[in-house]
There are 2 protein chains.
Amino acid sequence: MYHCSMYSRELLKGILKPIILKLLSEEEKMYGYEIVQKVKEKTEGKLLIKEGSLYPTLHALTTEGYLTTESVIVDSRTRKYYSLTNKGKGLAIPAIQELFDFQATLKLIFGNKNPAIS
Amino acid sequence: MYHCSMYSRELLKGILKPIILKLLSEEEKMYGYEIVQKVKEKTEGKLLIKEGSLYPTLHALTTEGYLTTESVIVDSRTRKYYSLTNKGKGLAIPAIQELFDFQATLKLIFGNKNPAIS
DNA sequence: TGCTATACATCATAATACGATGTATCATTG
DNA sequence: CAATGATACATCGTATTATGATGTATAGCA
């Protein structure tokens, strides 16, 4: 079997990068802590991004050229704003589409709520 | 931060076990190859379970007491049927519910198809 | 004869979310 | 005033797991 899922291996494992890309495609620029709060708010507390996941991922996306950063001091605390580069916007579109499709595919399997367990 | 997502770490990484549990809660008993085909069929070819993933997972679920097996020879080829134990049914219900919720939560973030990229 | 489908299996690897841990400031509250 | 919790960043080792590669074997078809 040479061929794979329509969905990349990364997607099946991880939804963090797509989430970041999705939020940044809606918000222009955001800082790490804000992303954590936004996801919490959007998902009604059901999805809590961990710092140990988020910051390394933001760094990775930046290193790969998908994000740029801008540091701002607010109330003596550092905020590191992230925004999509053009390359990042190019990545965001298929990534978001992919996860949208993935969500729809899950529904094909898990759509009906009540399992038929005898 | 002591507390986690509503969703288990396993879920965020893997959807294979829930898929198996879901199918076996609908079908009574299935063999490995049949599961691969069923997922392919249900998802219109978008999700292709790999043998390298499926068989080890079936073995693990069996070892953990969630599945029982029954081997049958059909056309000189072995079919190993798997079915849920009572313990397995107990696992299936929350696992399916969890993935159903997860799917709905993804929709909260990725629900609107068109990203607002300027 | 070779290819595809059926049908099982194992193993090493790569990817990544997380827990634990650390630093630092500010606001609140007993 | 001291303690707590929220804000805000960071790093690192670990555990988990889907997959590719590989192997065995039968059946059917071109």
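All heavy atoms count here, side chains included; hydrogens, waters and symmetry mates do not. Keep in mind it's a predicted model, so treat the numbers as computed, not measured.
Taking 4.0 angstrom as the limit, Ser53(B) places a side-chain polar atom (N or O) nearer than this to OP1 or OP2 of dT19(D). The side chain of Thr57(A) places no N or O atom within less than 4.0 Å of a non-bridging phosphate oxygen (OP1 or OP2) of dT16(C). Remark: Tyr31(A) is in phosphate contact with dA8(D), judged by side-chain N or O atoms under 4.0 Å from OP1 or OP2. For dC8(C), the OP1/OP2 oxygens have no side-chain nitrogen or oxygen of His59(B) closer than 4.0 Å. The phosphate of dA10(D) (OP1 or OP2) has a side-chain N or O of Lys80(A) nearer than 4.0 angstrom. An OP1 or OP2 oxygen of dC9(D) is reached within less than 4.0 angstrom by a side-chain nitrogen or oxygen of Tyr55(A).
Tyr82(A) and His59(A) have tilted rings, their planes meeting at an angle from 30° to 60° on a 0 to 90° scale.
In this model, a side-chain donor or acceptor of Glu51(B) finds a partner on the base of dC8(C) within 3.5 Å.
Relative to the side chain of Arg77(A), the nucleotides dT26(D), dT7(D), dT19(D) differ in distance, and dT7(D) lies closest.
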The test is salt bridge (charged side-chain N to carboxylate O under 4.0 Å, His left out); show your working for Glu26(B) and Lys38(B) and say whether it passes. CA-CA 12 Å; Glu26(B) 290 171 339; Lys38(B) 193 72 175 178; over 6 Å; no

Which donor-acceptor pairs under 3.5 Å do side chains of residues 67-77 of chain A form with protein atoms, sequence neighbours excluded?
unit_1	atom_1	unit_2	atom_2	d
Thr68(A)	OG1	Ser83(A)	OG	3.3

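If you check every strand for non-hydrogen atoms under 4.0 Å, Gly52(A) touches a base. Across all strands shown, Leu54(A) has no heavy atoms under 4.0 Å from either base or sugar-phosphate atoms.
Going from atom CG of Leu99(B) over to atom CG of Leu106(B) covers 9.0 Å, rounded to the nearest 0.5 Å.
Summarising the geometry, the separation between CD1 on Ile73(B) and C1' on dA7(C) is reported as 11 Å, rounded to the nearest angstrom.
For the pair Pro56(A) and Val74(B), nearest-nucleotide mapping onto DNA chain C gives the more 5' position to Val74(B).
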